[in-house]
Amino acid sequence: AQKVTQAQTEISVVEKEDVTLDCVYETRDTTYYLFWYKQPPSGELVFLIRRNSFDEQNEISGRYSWNFQKSTSSFNFTITASQVVDSAVYFCALRPGGSTLGRLYFGRGTQLTVWP
Amino acid sequence: EPEVTQTPSHQVTQMGQEVILRCVPISNHLYFYWYRQILGQKVEFLVSFYNNEISEKSEIFDDQFSVERPDGSNFTLKIRSTKLEDSAMYFCASRILSGATEAFFGQGTRLTVV
């Protein structure tokens, strides 16, 4: 079974705080891909990052960083020094590697609100 | 920067009517998808399409739904007889290659069935 769990439904922080969004996944595929997408209030889905199952190196992009740990099946997303513009729903998604065309399995999303 | 374009952005239709949602994927992409998101819920896969045929569909994608790539640029989702529960945001996505690539999503079409 393929499953993504985002246990945090809503998070509120004050600007400049750091915040971590949790993502736990389940898959029996040995090769798979993990993604984070951002959905701002305007509604579109914006791609943030892709991580391959065979690459556990953590990644930092500006204020964003991602911590991938296969041992705990987690792919957490941290925003450092949050800003009001970070307010959005963030989705973690899994694509099993067994299928070439690979549908995405999304978590339920975490609504992040950053207050000024 | 190339992007996936969806039209219309919002459509209101009466129950039982047919609707066609349109998408123009990124031009050199080969894999196409439709997803939907009922308000406040997670994004759900509907169908994937490659080489002019459906490659996978979910249990949501029943006989009321169909997809088509009528020409080299458009990718459409048709709902034959809409129900109230079809009200959702519908996202089109495209991807360039198999393997380690990401899907890029359009801005969505909000469908409201009344």
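FYI, side chains are in, hydrogens and waters are out, and symmetry mates aren't considered; it's all heavy atoms of this structure. Note on naming: letters A, B, ... go to the chains in the order of the sequence lines (proteins, then strands), and numbering restarts at 1 for each one.
- Annotation: K16(A), atom NZ; neighbour count of heavy atoms from other residues, nucleotides and ligands within 6.0 Å does not exceed 12.
- In this structure, F47(A) CZ and E102(B) CD are separated by 3.5 Å, a value rounded to the nearest 0.5 Å.
- Other residues, nucleotides and ligands place no more than 12 heavy atoms under 6.0 Å from the NZ atom of K57(B).
- Side chain of R95(A) to backbone of T101(B): a donor-acceptor contact under 3.5 angstrom is found.
- The shortest distance between side-chain heavy atoms of Q37(B) and Q39(A) falls below 4.5 Å.
- Counting heavy-atom pairs closer than 4.5 Å to chain A, the top residue among F49(B), F105(B), F104(B) is F105(B).
- Crowding of K70(A) atom NZ: a count of heavy atoms from other residues, nucleotides or ligands under 6.0 Å exceeding 12.
- When each of V4(A), I49(A), L45(A), V89(A) is checked for heavy-atom pairs under 4.5 Å with chain B, L45(A) comes out on top.
- Around CG of N28(B), the count of heavy atoms belonging to other residues, nucleotides or ligands within 6.0 Å exceeds 12.
- Placement of Y25(A) and L21(A) within a single hydrophobic cluster is found when ILVMFWY residues are connected by side-chain heavy-atom separations under 4.5 Å, directly or transitively.
- The environment of R108(A) atom CZ is sparse: at most 12 non-hydrogen atoms of other residues, nucleotides or ligands sit within 6.0 angstrom.
- Of the two parts of A103(B), the backbone and the side chain both hold a non-hydrogen atom closer than 4.5 Å to a non-hydrogen atom of chain A.
- With rounding to the nearest 0.5 Å, the separation of CZ in R103(A) from OH in Y35(B) is 7.5 Å.
- The two atoms that bring L104(A) and F45(B) nearest to each other are O-CB, 4.2 Å, heavy atoms only.
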